[in-house]
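First listed ligand is number 1; within each ligand, the first listed atom is number 1. The figures here come from the full heavy-atom set of this structure, side chains too, leaving out hydrogens, waters and symmetry mates.
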Amino acid sequence: MPNLTIVGTQWGDEGKGKVVDYLARTAQLVVRFQGGPNAGHTVRVGDRQTILHQVPSGILTPGVRCVIGCGCVVDPHALGEETAALARMKLRARSRLTVDARAHLILPFHRQLDLLAEKHSRSPIGTTGRGIGPAYADKVGRVGIRAADLLPGREERFREKLKRNLAAANVKLMERYRAEPISFKKLAEDYWRATRELARMVGDGSRVITDALAEGKPVLFEGAQGVHLDIDFGTYPYVTGSSTGVWGVGPGTGVSPLWLEQAVGVAKAYSTRVGLGPFPTELEGEEGERLRKLGGEFGATTGRPRRCGWFDAGVVRASVRLNRLNALVITKLDVLDSFEEIRIGTGYRCGRQRLDEFDPTRADELEPVYETFAGWHETTGACRKLRELPMRARRYLRRLEELCGCPVALASVGSERRQVVEVKKEALRWLKSG
Ligand code: IMP
């Protein structure tokens, strides 16, 4: 059976949650390999909308097992809220979810330090304020506290580590930010109590996944954020703290990259970005506002309005190459239904050079080059087959394929689970086996 990795090809918020939910129907295991509660995967099933932050979207499909891999950073409070919300939907997460023992924990002071660093910085990043950066910083600083530290019988050792880390955090809080220090006793007690549910889900995620792969079970790896927010290949320093591309699966799960078979990239039919950083095709005026309104472009995690702009083929093309994508899924095509004119950024002028791929190390020098299309002026939400799409919408998709150098397997035309058009199903073995 095949396995499939799903990544965002832009700056996150491409609609990966819905795509994973759609593709998870044929999965037996769905795995998150990076990020934490900074992600917000919005999934609508019937008239119910759920926003998942840390739990893999596969949890919405009964019978599917899920793993939060060792490359993730886990906030026990946020995870508890999520599993409680799932329980209200009659979905039992605990028995189907494994949190890898090696995953690092987000502690309350990570959030505080994240928010204060942003507030006091002369060049803020526009983080989600969820403590992601500081938690990953502790991980690579080799002082992080991991899910394994929460297991029964380890409370004393956990308290020692927490005391050491809190002392360092309090120095920063007081000296750098002139903020109140955090009291150890209350923090240690509250946190330990809040982690009891999580402690029951801690296990060897790497083992669970490799066993499933060896047994030939279909496994889906669910990326969060997007390739251009990757710690190495993104628009550094305006990036998140983890590896958001296919290359993140290995260290983020404990699975050899030699297991990986196919990868699909999710791209919105236009572009959005939250937070600061380069965005060549951004629309600042009325058109941007129109996209924001029609697309409901407000952050699933923070509620912040997203910056909006035209599809930037150079950005997606770079993701296709970096991840060796087999196919693309284009989301929110219906948002463009009413536009008279639609533009695509086809590449860039960079001084006297012409580039067809986004280069984040020269982002300031890039001037986008556009192609203009006449809009289709028809609603697409009810389309399910390629031939049902308006001719101009089909032409738009074909042009995206050409410019990005990758076939489009599916196009999403609404937030409902069923609102998907099969464009080139055959590009993904995963779909053929479904
Ligand atoms: P952090 O991940 O909270 O440290 O934020 C770093 C950057 O990544 C900021 O620009 C955030 O807005 C962005 N970011 C983080 N998570 C997401 C996401 O799930 N969708 C879109 N942007 C995100």
Side-chain angles (χ1 to χ4, degrees), residues 6-20 32-43 50-57 68 71-75 78 82 104 106-107 109-119 121 123-140 222-245 248 252 265-268 270-279 282 292 295-309 312 315 319 331-332 360 363:
I6 301 179
V7 297
T9 59
Q10 295 157 321
W11 286 283
D13 307 318
E14 296 92 351
K16 292 179 294 297
K18 172 177 168 175
V19 176
V20 179
R32 274 278 307 269
F33 56 92
Q34 43 77 222
N38 48 348
H41 287 175
T42 309
V43 192
T50 323
I51 301 177
L52 296 170
H53 298 283
Q54 300 178 99
V55 179
S57 310
I68 295 180
C72 297
V73 282
V74 184
D75 183 330
E82 230 168 290
H104 282 249
I106 299 176
L107 293 145
F109 50 80
H110 287 140
R111 274 181 174 236
Q112 216 165 329
L113 290 171
D114 190 2
L115 291 166
L116 285 167
E118 285 284 287
K119 192 171 156 204
S121 170
S123 50
I125 289 165
T127 72
T128 58
R130 297 296 189 267
I132 307 299
Y136 278 116
D138 275 359
K139 172 178 174 169
V140 292
E222 172 183 1
Q225 290 86 47
V227 167
H228 295 277
L229 286 174
D230 180 86
I231 184 77
D232 292 295
F233 297 99
T235 46
Y236 193 90
Y238 301 100
V239 293
T240 190
S242 60
S243 298
T244 57
V266 184
K268 224 177 251 186
Y270 48 97
S271 306
T272 62
R273 175 164 200 165
V274 273
L276 298 152
F279 183 174
E282 180 169 16
R292 189 172 307 120
E297 296 297 350
F298 298 89
T301 298
T302 58
R304 287 184 289 179
R306 295 177 183 143
R307 298 157 65 192
C308 295
D312 189 339
V315 161
S319 292
T331 58
K332 292 193 150 183

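In this view, Thr9 satisfies the side-chain hydrogen bond (donor to acceptor under 3.5 Å, both in side chains) rule with no residue, not counting sequence neighbours. Looking at residues two or more places apart in sequence or on another chain, you find a side chain to side chain contact (heavy atoms under 4.5 Å, CB included) between Arg292 and Glu289, Glu297, Phe298, Pro305, Cys308. Every residue was checked against the side-chain hydrogen bond (donor to acceptor under 3.5 Å, both in side chains) condition with Tyr136, not counting sequence neighbours, and none meets it.
In this structure, a donor-acceptor pair under 3.5 Å is absent between the side chains of His104 and Asp138.
Electrostatic pairing of Arg130 and Asp114 does not count as a salt bridge here, judged by no charged N lying under 4.0 Å from a carboxylate O. A salt bridge is absent between Glu14 and Lys268: the closest approach of a Lys/Arg side-chain nitrogen to an acidic carboxylate oxygen does not fall below 4.0 angstrom.
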Quick check for students: name every N or O atom pair between ligand 1 and the protein closer than 3.5 Å, with distances.
from     : atom 1 : to     : atom 2 : distance (Å)
ligand 1 : 2 (O)  : Asn38  : ND2    : 2.9
ligand 1 : 2 (O)  : Thr240 : OG1    : 2.6
ligand 1 : 3 (O)  : Thr128 : N      : 2.9
ligand 1 : 3 (O)  : Thr128 : OG1    : 2.6
ligand 1 : 10 (O) : Val274 : O      : 3.3
ligand 1 : 12 (O) : Gly126 : O      : 3.2
ligand 1 : 12 (O) : Val274 : O      : 3.2
ligand 1 : 12 (O) : Arg304 : NH2    : 3.1
ligand 1 : 16 (N) : Gln225 : NE2    : 3.3
ligand 1 : 19 (O) : Asn38  : O      : 3.2
ligand 1 : 20 (N) : Asp13  : OD1    : 3.0

